[in-house]
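Letters A, B, ... mirror the listed sequences (proteins, then strands); counts begin at 1.
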Amino acid sequence: MQICYNGWLSMIQYKAKLKEQIRRVLMDKYPLQEAQLEISYTPHAKMGDLALPFPLQLAKKIKKQPRELAAEIVPLLSDLCGVDRIEVAGPGFINLFLNRRDFFLLQVNSLHKPTFQPEEKKTIIEHTNINPNKAAHVGHLRNAVLGDTLGRCLKYKGENVEIQNYIDDTGIQVVDVTFGFMDMEHKTLKDIQMIEEKFDYYCWDLYTRVSSHLEEHPEAQSRKSEILRKIEEGEPPEAKIAEFISRRILKAHLETMKRIDVRYDVLPCESSILGRKFWDEAFSLLKEKGAVYFVDKGINKDCWVMKLDDDEEREKIIVRSDGTVTYVGKDIAYQLWKFGLLQKDFYYEPFTEENGRILWISTAEPKPETASFGDGSLVYNVIDTRQSYLQKIVVQGLRSLGFQDQADKSIHFSYEMVALSPKSLEELGQKISSEDKERNFLEVSGRKGLGVKADDLLDRLEQKAYLEVEKRNQDLPSEQRRLIARQIATGALRYFMLKFTRNSIIVFDFEEALSFEGETGPYLQYSLVRINSIFRKLKERENFTEKDLQTLGIDEDIPLDTLSEQEQEDFWELVIYASQFEEEIQHSVRSLEFSHIAKFAFNLCQKFNAYYHKYQVLAERDKSTKSIRIWTIQFVREVLSNVLCLMGIPQPMRM
RNA sequence: GCGCCCGUAGCUCAGCUGGAUAGAGCGUCUGACUACGAAUCAGAAGGCCGUAGGUUCGAAUCCUGCCGGGCGUACCA
């Protein structure tokens with residue numbers, strides 16, 4: 001067997017090398033397309049490590065028995081680098097047994113080395129986008145966690161990522177709360193500023209009162225229209241009050257998101273889109289191209305509408321009969337700006353600053369300090385699936401303006417809603433009608449005030465985590481315990497939001513969301529804490545440091561065969577699984593399905609915990625066995641730490 | 001009506017472009033802590049993968065019909 005790999009190779013690179021060799025050998029003998037040359041994994045380690053399914057497809061093409069064909073190919077592949085053994089398996093797979101020592105070396109050395117290359121000039125992710133008129137709820141948390149995780153993964157890939165949180169500060173929902181303060185509570189701006197209680201919670205309640213008030217008083221519509229117009233045109237006092245509300249709520253939202261370690265680069269505001277006349281520019285473009293047209297009769301009389309590509313019958317209203325623009329209209333302008341397709345940019349000013357990192361907010365007027373955003377080449381909009389229709393219209397808008405590429409690179413990252421079980425509603429003290437009781441779940445409704453507030457949930461998680469930490473870590477100062485409780489709460493919440501596929505409706509259940517056992521974030525954190533504990537004790541007892549790790553002799557010789565047969569298997573199962581982490585990231589990014597990463601991390605921890613129970617590190621007397629075990633857990637530690645980082649799950653040193 | 005999505009173990013969910021014996025967690029039952037932390041581990045029980053057809057060497061996965069459920073189809077977002 002020749003030695004053909006040196007240094008380091010991640011699994012992705014390793015497979016690429018294998019494919020290259022296989023192609024070279026088989027190219028002129030079989031009609032083999034590259035696409036078929038996938039390398040997958042075997043269901044069981046006994047069957048080998050990597051599997052080549054291509055004989056199954058090839059057999060069909062050249063009319064042979066799959067197993068026969070595979071048997072015929074096997075001898076041709078006898079010289080694959082790093083492969084100890086190769087055999088036909090099952091219906092006609094070719095399975096490869098890797099040289100474990102060589103492979104492990106390559107993997108360990110490939111940590112912290114780049115496998116990916118950036119593909120985009122700039123990737124923009126828009127997420128969170130909570131209406132700034134009430135407190136954030138669990139549904140918003142799902143959005144933020146998904147968007148934030150996507151951002152982390154793309155950055156890991158090396159992409160230039162810009163995170164935007166769009167603020168609908170001139171929309172109907174802000175109008176409603178403004179109406180509530182002014183017309184129902186008869187408060188002045190000053191009165192509102194004086195409110196001391198948690199402002200987003202105050203507005204949450206106010207908003208539900210406004211909603212039911214408006215249902216009973218349809219005549220208030222005209223007053224609402226007046227408020228909307230005044231806000232859009234910047235007329236006091238309505239405009240000032242609305243601005244104060246939206247900014248103060250926005251601050252609350254940012255605080256909530258900070259609790260789970262979600263941050264943004266820029267906050268583009270709808271008010272700036274109007275103020276900078278982005279919409280006017282977009283509107284004239286749309287008119288020019290005939291993408292929108294004016295309706296002079298019928299149900300949509302006096303509106304500017306857009307026709308839907310796949311439904312001739314339907315017209316979507318873009319400009320209302322009173323001349324105001326719908327959200328979709330402004331969204332088209334916003335999307336154009338994201339791709340740098342408008343002639344201008346916003347102005348900006350710092351909104352918050354933390355550790356020297358400035359979060360910018362858009363303005364319509366020039367400010368002394370400024371920055372530049374937008375002009376991306378790829379755009380992800382993280383918005384729940386109920387808005388698919390509207391997202392389609394936005395993309396269609398780009399297309400009808402002739403921006404084909406940008407339309408293709410506008411990606412609606414859609415996900416299902418978070419709903420509430422009747423049980424959790426009861427727990428919230430909500431009255432539910434008997435007909436609703438029959439249903440499996442109920443939609444969260446901001447209007448009805450039906451929902452689990454994000455901060456409430458996080459408070460409960462922290463509280464529970466604190467009690468657990470207190471039980472186990474009496475020696476730690478309480479401040480430390482608080483920090484750890486927060487880390488656990490964040491880990492639990494973020495994992496919970498990622499473990500489901502985006503297509504599945506999360507029927508929120510307190511017991512499930514508050515769990516720290518089984519398939520949860522804290523399980524992952526606990527696994528890492530255990531590994532870190534071993535290293536901490538190695539240091540305490542043997543003065544073993546990171547430096548010693550480097551010189552532990554992994555490069556020289558790893559005498560795997562000194563281990564028991566069983567241990568060799570257990571070692572290998574852990575290692576080969578851990579090596580797949582970058583493939584999982586790739587897979588997740590391509591499919592926008594982060595539950596893959598979540599499951600991977602969980603499975604890895606399960607394998608690790610089993611290994612941990614079986615094999616001692618500290619107490620091991622045989623030096624080389626101990627070294628191998630140290631390197632094994634070190635490898636797992638690195639991989640797990642990476643993966644947790646991508647999911648935004650904090651890594652406490654103790655818990 | 002039309003469009004999109006879902007139906008897998010008692011419950012909550014995985015199962016990638018069709019592939020080797022359908023997997024987890026929770027719950028239930030049996031075991032394992034004078035500890036590299038039991039927020040853990042080992043084991044057991046539990047499944048005509050909604051239903052009927054089709055495509056093929058092979059279907060939980062692809063196609064069609066049906067049944068059951070959700071969402072969307074606003075001059076709300």
- Side-chain donor-acceptor pair present, N129(A), E126(A), cut-off under 3.5 Å: yes
- Say you pick atom P in A44(B) and the same atom in C5(B); how far apart are they, in whole Å? 39 Å
- Is the cationic atom of K607(A) (NZ for Lys, CZ for Arg) positioned less than 6.0 Å from the six-membered ring centroid of Y577(A) and within 45 degrees of its normal? yes
- Cation-pi geometry met for R460(A) and F510(A) (6.0 Å, 45°): yes
- Task: Indicate, with a heavy-atom threshold strictly under 4.0 Å, whether N95(A) touches base, sugar-phosphate, or nothing.
- Result: base
- Between Q173(A) and A77(B), is there a side-chain N or O to OP1/OP2 distance below 4.0 Å? no
- Message: Could you tell me how far G19(B) sits from C63(B) if I compare only their P atoms? Round to whole Å.
- Response: 14 Å
- Query: Are Q616(A) and K626(A) close enough that a side-chain donor and a side-chain acceptor fall under 3.5 Å?
  - Reply: no
- Task: Please confirm whether F179(A) and H213(A) have ring centers closer than 6.0 angstrom.
- Result: yes
- Task: Report which part of the nucleic acid R472(A) touches: base, sugar-phosphate, or nothing (heavy-atom distance under 4.0 Å, all strands).
- Result: base
Expected rows: protein N/O vs nucleotides 41-44 of chain B N/O, under 3.5 Å:
unit_1 : atom_1 : unit_2  : atom_2 : d
C41(B) : OP1    : Y523(A) : OH     : 2.4
C41(B) : O4'    : H613(A) : NE2    : 3.2

- Answer with yes or no after comparing the ring centroid distance for Y523(A) and F516(A) against a 6.0 Å cut-off, counting only values under it. no
- Task: Treat primed atoms plus P, OP1 and OP2 as sugar-phosphate and everything else as base, then score nucleotides 7-18 of chain B 5' to 3': B for base contact with protein heavy atoms under 4.0 Å, S for sugar-phosphate contact only, - for none.
- Result: -----SSSSB--
- Could you check E416(A), M417(A), M497(A) and say which one makes a side-chain contact (heavy atoms from CB on, under 4.5 Å) with I506(A)? M497(A)
- Message: So T385(A), base contact, sugar-phosphate only, or nothing? Heavy-atom distance under 4.0 Å.
- Response: nothing
- Message: With rounding to the closest Å, how many angstrom separate the P atoms on G1(B) and C57(B)?
- Response: 39 Å
- Message: Is the base of G3(B) stacked against the aromatic ring of Y389(A), taking ring centres under 5.5 Å apart and planes under 30° as the test?
- Response: no
- Query: Would you say the side chains of Y293(A) and E315(A) form a donor-acceptor pair under 3.5 Å?
  - Reply: yes
- Task: Return yes if a side-chain donor-acceptor contact under 3.5 Å exists between Y41(A) and E583(A), otherwise no.
- Result: yes
- Provide the distance between the two P atoms, one in C66(B) and one in G25(B), to the nearest whole Å. 39 Å
- Item | Nearest-angstrom distance, C1' atom, U21(B) to C49(B) | 16 Å
- What is the distance from CG of L56(A) to C1' of C57(B), rounded to the nearest Å? 9 Å
- Query: Is any side-chain N or O of T326(A) under 3.5 Å from a base N or O of C75(B), one able to act as donor and the other as acceptor?
  - Reply: no
- Query: Hey, does the side chain of D322(A) reach the backbone of T324(A) with a donor-acceptor pair shorter than 3.5 angstrom?
  - Reply: yes
- Item | Length of the line joining Q391(A):CD and C4(B):C1', which is rounded to integer Å | 15 Å
- Query: Does the separation of the ring centres of Y166(A) and Y334(A) fall below 6.0 angstrom?
  - Reply: yes
- When you match L390(A) and A619(A) each to their closest nucleotide on RNA chain B, which lands nearer the 5' end? A619(A)
- Secondary-structure string, 5' to 3', Watson-Crick or G-U under 3.5 Å, | for another-strand partners, for RNA chain B: (((((((..((((.....[...)))).(((((.......))))).....(((((..]....))))))))))))....
- Within a radius of less than 6.0 Å around NZ of K392(A), do more than 12 heavy atoms belonging to other residues, nucleotides or ligands occur? no
- Once you round it to whole Å, what is the distance between P of C75(B) and CD1 of I317(A)? 4 Å
- Item | Whole-Å C1' distance, U64(B) and U55(B) | 11 Å
